[in-house]
Amino acid sequence: MENLTKRLKEKKVEEEAEDPEKKARIMGMHAEGDEINYIRCEECGKRFPANELQEYNGLYYCKDCIKKVQSE
């Protein structure tokens, strides 16, 4: 059992070494404080209050991204 625990810990260290920014990316996906009621823009991924987003084809986009999406 000790060998299994040791191998799993080593594997975890190796995986974290492969992608050092993985934890920061994952934590960036979580809403914090005031952002809990915010909605994520489908194009850029940033969070905005519902009144700052516009719906296009059933998806929500911020004012900057809606221009890009509509022009495509």
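Since the structure is predicted, the reported quantities are computational estimates derived from the model, not experimental observations.
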Which donor-acceptor pairs under 3.5 Å do side chains of residues 58-69 form with protein atoms, sequence neighbours excluded?
none

| request: Examine distances only and state if a side-chain atom of Arg40 and a backbone atom of Arg47 form a donor-acceptor pair shorter than 3.5 Å. | output: no
| query | What is the distance from atom CD of Glu55 to atom CD1 of Ile39, rounded to the nearest 0.5 Å? | reply | 10.0 Å
| query | Taking atom CD of Gln70 and atom CG of Asn57, what is their separation to the nearest 0.5 Å? | reply | 9.0 Å
| field | Contacts of type side-chain contact (heavy atoms from CB on, under 4.5 Å), residue Lys46, not counting sequence neighbours | value | Cys44, Phe48
